[in-house]
Structure formats: C-alpha cells, structure tokens
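Worksheet: one structure, shown below.
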Amino acid sequence: MASYNIINVYGPERNVKNPFAQLKKFFFNSCKDQCFTLTLQKVKFNRIKFINILNNLIHFQTTMWLTCSSIGRKFVMALTGLCLVLFVTFHCLMNGIALFWPSGYNAVCEFLGANWYALVASIGLAALFIVHIVYALWLTLQNRKARGNDRYYVVRKPAQVEWASQNMLVLGIVVLAFLGIHLIQFWARMQFAEILHCDYVHEGLEVPPAAGTLFIHIAFSQIWTPIVYIIGFIALWFHINHGFWSMFQSCGWDNDTWLPRLKTIGCWWTSIVIALFIAQAIVFTVRANTTDFKEEAVKYVVSQTSAEALDTNANAFSAGCPDASTTIIVAE
C-alpha cells in the first residue's frame with residue numbers, strides 16, 4: 001500500500017494564508033508522478049498532521065480568504081456575476097411582458113413601485129453591482145501589479161486567450177455607462193420619483209411612476225436610444241458570454257469534459273437573452289415612433305380605469321350590492 005505524508009502546517013508552510021493551497025499542493029505532489037487515480041484506499045494519512053490541517057481550516061477566517069486571496073476574490077466575482085446574470089434574464093422576461101401584455105407590465109410596475117420589498121431588492125441589487133465592480137477593479141490592478149513591466153513586452157495574445165478575456169474591464173465600463181443611461185431613463189423617473197413623490201412631466205402631462213409603458217415610449221421615441229442600447233447589448237453579450245463559463249472555472253469546474261459544455265451553454269444562454277433584448281428594443285422604437293404619446297397616455301388611463309372598475313365591481317359583488325354590474329358599464 002502506498003504511503004504519503006501530508007505537509008506539516010507548522011513547518012515551512014505555516015505562513016501560507018490559504019490552507020486550501022496546502023491540501024492542493026499535497027495531493028498534486030502525491031499524484032503527479034503516478035499513472036493511477038488517487039483513491040482513499042491508496043492513501044495512509046498521518047492523523048496528527050491531518051488533524052492540524054483540519055484545525056487550521058476550522059479557525060480559518062473566510063472573510064480574510066475572500067479579500068486577501070486571489071481565488072477568494074474570483075469566487076466573489078463569480079457569485080455576484082451569477083446573481084446579475086439571473087437578474088438580466090428576469091429583466092428580459094419583464095420586457096417581454098411589456099411587448100405582449102402592456103397592462104400586465106404596468107400592473108407589475110405598480111406592484112413593485114417603492115414598496116419596502118422592492119426597495120430591499122433594489123438595495124441588494126445595487127450592492128451586487130458595487131461588489132462586482134470593486135472586485136473587478138481589484139483583480140485587474142492585482143494582475144497588472146503582478147505582471148509589472150512584462151505586460152508591455154507582449155505583442156500578440158496567445159491562441160487560447162479569448163478577446164473578451166483580455167478586455168473584460170473595457171467591456172465592463174461600456175456596460176456600466178449603458179446602465180447609467182438606463183437608470184436615468186427608467187429608475188430615476190419611476191421608483192426614485194415615487195420615493196420623492198414627484199411625477200415626471202412629459203409634453204405637459206404628468207406621468208405616474210407606475211406607467212412603465214409610457215416611460216418605454218418616452219425613451220425609445222428618441223433616435224439615439226436604440227443605438228446606445230444595441231451597443232450596450234453587444235458589450236453585455238461579450239461580458240456575460242465570457243463571465244458565464246469563467247465563473248464556473250473560478251470555482252474549480254474546469255475539466256476538459258465540462259468546460260466546453262459550459263462554454264456552449266453560456267454562449268446559447270447569452271445569445272438568446274441578448275437577441276431578445278435587441279428585438280425588444282427595435283419593436284419599442286418602431287412603436288414609439290409610429291404612435292403619438294398622448295394616444296398611449298389615453299390607453300394607459302383607460303386600462304387603469306377599467307382595472308379600478310373591476311376592483312370596484314368585485315368589492316360591490318362581495319358586499320352584495322345589486323348595482324355591481326352597472327359599475328362596470330359606467331366605467332367602460
């Protein structure tokens with residue numbers, strides 16, 4: 001039976017901040033010269049030293065690992081990136097509701113609004129963005145510092161390095177600029193306006209914060225909006241497509257079997273979401289430039305009046321009011 005010794009954490013490696021690296025070094029040194037797969041039956045552990053490593057792991061401060069370790073920072077980037085990918089997918093589905101069911105989209109906007117749960121979700125989402133951006137800048141500066149002046153000597157990239165991988169920071173800046181424009185056009189006029197109790201005024205009409213379809217009409221009636229959005233969507237495609245499989249790689253899921261599969265899944269997922277975004281932007285632009293804003297405002301008022309009439313009718317019916325059916329007729 002083969003016998004292996006685990007490295008002593010109290011020996012020369014005692015200053016290593018990440019004890020996971022010690023376990024990785026042990027298994028690598030034990031297996032690199034062998035032609036067989038390491039199994040538990042072929043390992044005879046030194047129990048005392050193994051307990052020392054476990055104790056070191058138990059007392060290891062996770063927060064220090066997430067901030068002081070490059071692997072920890074990449075893990076935070078992967079986790080926040082995954083949450084943001086899910087949010088982008090949810091946002092795409094919400095835009096689909098605006099296309100096929102405008103009154104339903106307005107109802108969702110009214111349901112969210114400035115309620116406490118929507119505010120908590122907005123704060124959490126903002127925190128994800130901030131952490132993702134801060135750690136991205138942190139890792140970029142760390143990598144440049146580690147390379148020093150050697151990065152200027154590279155005249156061409158290796159064949160295995162993707163273009164998006166070398167330009168993730170630039171792509172992130174483009175996406176961030178696009179996000180800023182999107183927040184000004186929608187969030188500042190909807191949820192933020194509701195918090196301030198100040199309606200947005202367009203063409204002499206006060207637009208309520210819950211009128212999501214009207215804000216879509218206002219935004220895409222400007223010719224530069226679809227251009228900026230499509231540029232932002234293209235940058236987002238490169239950013240998410242690389243980040244999708246990269247976050248799994250950062251978590252150790254980078255073997256030759258699963259990494260190509262994850263790249264394929266990420267490419268399809270990103271392509272479908274971004275294609276839907278671009279199609280939605282084109283449809284919104286066509287609608288906004290072929291219909292008048294005041295006509296859309298009248299449709300919104302009629303839909304809201306009908307919804308309120310239905311609520312009134314339901315309340316009257318539940319209370320046993322004999323004139324319930326008259327209420328709907330008058331409202332219509």
Side-chain angles (χ1 to χ4, degrees), residues 70 73-96 125-126 128-144 147 151 154-186 219-220 224-251 253-254 256 258-285:
S70 177
R73 295 169 193 158
K74 290 182 179 180
F75 176 78
V76 173
M77 284 282 295
L79 185 61
T80 55
L82 176 61
C83 295
L84 294 176
V85 167
L86 295 177
F87 169 74
V88 168
T89 305
F90 168 76
H91 199 335
C92 180
L93 297 177
M94 282 288 296
N95 290 351
L125 185 61
L128 287 174
F129 272 106
I130 293 173
V131 171
H132 193 77
I133 294 170
V134 169
Y135 271 72
L137 295 174
W138 197 350
L139 282 171
T140 302
L141 294 176
Q142 178 189 14
N143 292 337
R144 292 197 173 189
R147 294 191 186 117
R151 68 179 187 272
V154 179
V155 295
R156 64 178 182 177
K157 66 177 183 179
Q160 69 274 15
V161 178
E162 297 181 354
W163 177 86
S165 177
Q166 290 192 326
N167 296 276
M168 286 294 282
L169 181 61
V170 176
L171 292 171
I173 293 174
V174 175
V175 172
L176 186 61
F178 162 63
L179 177 63
I181 296 174
H182 185 67
L183 290 176
I184 293 173
Q185 289 183 324
F186 291 95
F220 286 92
W224 59 267
T225 297
I227 298 174
V228 172
Y229 272 54
I230 291 175
I231 294 174
F233 290 147
I234 294 174
L236 189 62
W237 183 89
F238 282 104
H239 196 79
I240 296 181
N241 185 45
H242 174 76
F244 186 93
W245 63 265
S246 180
M247 63 184 177
F248 289 100
Q249 186 183 45
S250 299
C251 296
W253 211 347
D254 59 348
D256 295 335
W258 272 101
L259 192 58
R261 296 177 182 176
L262 292 172
K263 287 185 176 182
T264 303
I265 294 173
C267 183
W268 275 101
W269 186 308
T270 308
S271 299
I272 291 174
V273 171
I274 298 302
L276 289 175
F277 270 131
I278 294 176
Q280 291 162 358
I282 294 174
V283 174
F284 288 149
T285 302

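Here, residue 1 is the first one in the sequence, and each next residue gets the next number.
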Given F90 and M94, is the side chain to side chain contact (heavy atoms under 4.5 Å, CB included) satisfied, shown in steps?
CA-CA 6 Å; F90 168 76; M94 282 288 296; 3.7 Å; yes
Could you tell me whether the side chain of [Y] reaches within less than 4.5 Å of the side chain of [X], counting heavy atoms only?
| X | Y | answer |
| --- | --- | --- |
| H132 | L128 | no |
| T89 | W269 | yes |
| L125 | L84 | yes |
| W237 | C267 | yes |
| S246 | M77 | no |
| I274 | L236 | yes |

If the plane angle is over 60° it's perpendicular, under 30° parallel, otherwise tilted; pick one for W138 and Y135.
tilted
Please name the residue in the list V131, V85, I130 that meets the side chain to side chain contact (heavy atoms under 4.5 Å, CB included) test with T80.
V131
Residues that [X] engages under ring pair (Phe, Tyr, Trp, His ring centres under 6.0 Å), provided they are two or more places apart:
| X | answer |
| --- | --- |
| W258 | W253 |
| F178 | Y229, F233 |
| F87 | H91 |

[atom2] on [Y] to [atom1] on [X], rounded to 0.5 Å:
| X | Y | atom1 | atom2 | answer |
| --- | --- | --- | --- | --- |
| I265 | W245 | CD1 | CH2 | 14.0 Å |
| I231 | I227 | CD1 | CD1 | 7.0 Å |
| H242 | K263 | NE2 | NZ | 9.0 Å |
| L171 | N241 | CG | CG | 10.5 Å |

Working note: V174 + F238, criterion side chain to side chain contact (heavy atoms under 4.5 Å, CB included); need CA distance, chi angles, decisive distance, verdict.
CA-CA 11 Å; V174 175; F238 282 104; over 6 Å; no
Distance-minimising heavy-atom pair for [X] and [Y]:
| X | Y | result |
| --- | --- | --- |
| T225 | A219 | OG1-O, 2.7 Å |
| Q280 | G96 | NE2-N, 3.6 Å |
| C92 | L276 | SG-CB, 3.5 Å |
| G81 | M247 | C-SD, 4.5 Å |

